[in-house]
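Single-structure report; data block below.
Every number for a ligand or one of its atoms is a count from 1 in the order of the listing.
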Amino acid sequence: MSTEAEALELDAADPGHRELFDVPPAQGGDYPEVAYFAGNSLGLRPKATRAELLEDLDSWAALGVEGHLDAARPWLPYHELLTGPAARLVGALPSETVVMNTLTVNLHLLMVSFYRPTRSRHRIVIEDSAFPSDSYAVRSQVEFHGYDAEDAVIRLRPRPGENSLRTADVVEQLGGDVALVLLGGVNYLTGELMDIPTITKAGHAAGAIVGWDLAHAAGNVPLALHDWDVDFAAWCSYKYLNSGPGAIAGAFVHERHLGADLPRFEGWWSTDAKTRFEMTPESRPPATADAWQVSNPPIFAMSPVRTSLEIFDKIGIEVLRERSVRLTAYLAGLLAGLEVITPADPARRGAQLSVRVPGAGALSRRLRFEYGVIADSREPDVLRFAPVPLYSTYHDCWRAGAAMAEVTA
Ligand SMILES: *Cc1c(COP(=O)(O)O)cnc(C)c1O
């Protein structure tokens, strides 16, 4: 086991960007701050967020309705400030990217366009360990179109005795009756990073549309959605993107589909901004992902997303990923005696290690109140640790390793 002194040396040699974040005080243990491993559930607040949000809020006090055009960051085109940084983060063109709504809402809006079942091709493929929201979303879409969810939703399971999905097994299940493949880029439970380009290609070869839920992938691993030819994707901004609880989400539609004659649910923000205020009865959607917008966006909820994306833009996801691989490997070494269900290959995982351990819920409470270590539990027996390269430290990992050794002894 690495010593505390070694952890501190590693921090000196390979520092992250903890100084940019507010780290909560610990409620137990020997250190003033928590060792925070729940950034895959709710990322920490960047220090800059508060002041920048207050600036936007004060534009309202100072300008009233005129803030739409005259605010320092005018509200009418506000969402466009987020488009470039979000696009760079996920490897997309700005025209393919829009920040809007929340994640599951975006999945629904995108399925309106991209899940178009026919009698002979109406199945949707998801992971058996899909996040429940995705499972409910696809089942309700299937039923909305008049099909039976039990029959139409194919749930992929790992082989008996295994914890993650093998790419070849996924590919094999993509038959001619599959209309849509909708998988998590990084699985929320196991932390498995899927082979997005290979599965996307295989889905297309089978004649299916391939969408990705990037809730646990955006801000965690480098993505190249455009080059991988992904049809559509959506992600939330409150996990690795540190934009606050319920933050505004992202969506991607591949250039191939922009301007195409696809069904969409529209509102006044779906129409071209240049002619929006002509107030015509019919919309004139732009040939960009902005056409999937419906309502005018909540500025005060977008402000933290803008602040956070600036951090990613400045540092770069590739650089963060390199530190993430080192930090996660270090934590993996410290947890080596436990049953880690996340793939051991760094290429098949992001910044998360999931430990299968009986009584995970009670253990997570002990970690919090006796050691100041924040890791969450998922029913029935999984503890999740996300060493986040922006603000987690080797010393945090050392604390987690030492605490786990004690609580599982
Ligand atoms: C976190 C998460 C969600 C949450 O959905 P919201 O619409 O943001 O509430 C959905 N899907 C996955 C895969 C997630 O990890």
Test ring-ring contact (aromatic ring centres under 6.0 Å, His included) on Trp212 and Phe232; report intermediate values, then the result. CA-CA 7 Å; Trp212 290 91; Phe232 72 88; over 10 Å; no

Hey, mind stepping through Arg18 and Glu33 against salt bridge (Lys or Arg N to Asp or Glu O under 4.0 Å) and telling me if it holds? CA-CA 12 Å; Arg18 192 183 186 86; Glu33 291 179 346; 3.2 Å; yes

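Residue contact check: Thr104 has heavy atoms under 4.0 Å from atoms 5 (O), 6 (P), 7 (O) of ligand 1. Counting the atoms of ligand 1 from 1 in the order shown, those under 4.0 Å from a heavy atom of His216 are 15 (O). Listed by number with element, the atoms of ligand 1 under 4.0 Å from a non-hydrogen atom of Asp213 are 11 (N), 12 (C), 13 (C). Counting atoms of ligand 1 from 1 in the listed order, those under 4.0 Å from a heavy atom of Lys239 are 1 (C), 2 (C), 3 (C), 14 (C), 15 (O).
Two rings, from Phe114 and His257, have their centers less than 6.0 Å apart. Outside the 6.0 Å centre-distance limit, the rings of His108 and Phe265 are not counted as a close aromatic pair.
The side-chain heavy atoms of His122 and Val178, taken from C-beta on, include no pair separated by under 4.5 Å.
Remark: minimum distance from atom 8 (O) of ligand 1 to any protein heavy atom is reached at Tyr238 OH, 2.6 Å. Regarding atom 11 (N) of ligand 1, its nearest protein heavy-atom neighbour is Asp134 OD1, 2.6 Å.
Of the options Tyr188, Trp235, Phe131, the smallest heavy-atom separation from atom 12 (C) of ligand 1 is shown by Phe131.
In this structure, Lys239 forms a cation-pi arrangement with Phe131, its terminal cationic atom sitting closer than 6.0 Å to the ring centre and no more than 45° off the ring axis.
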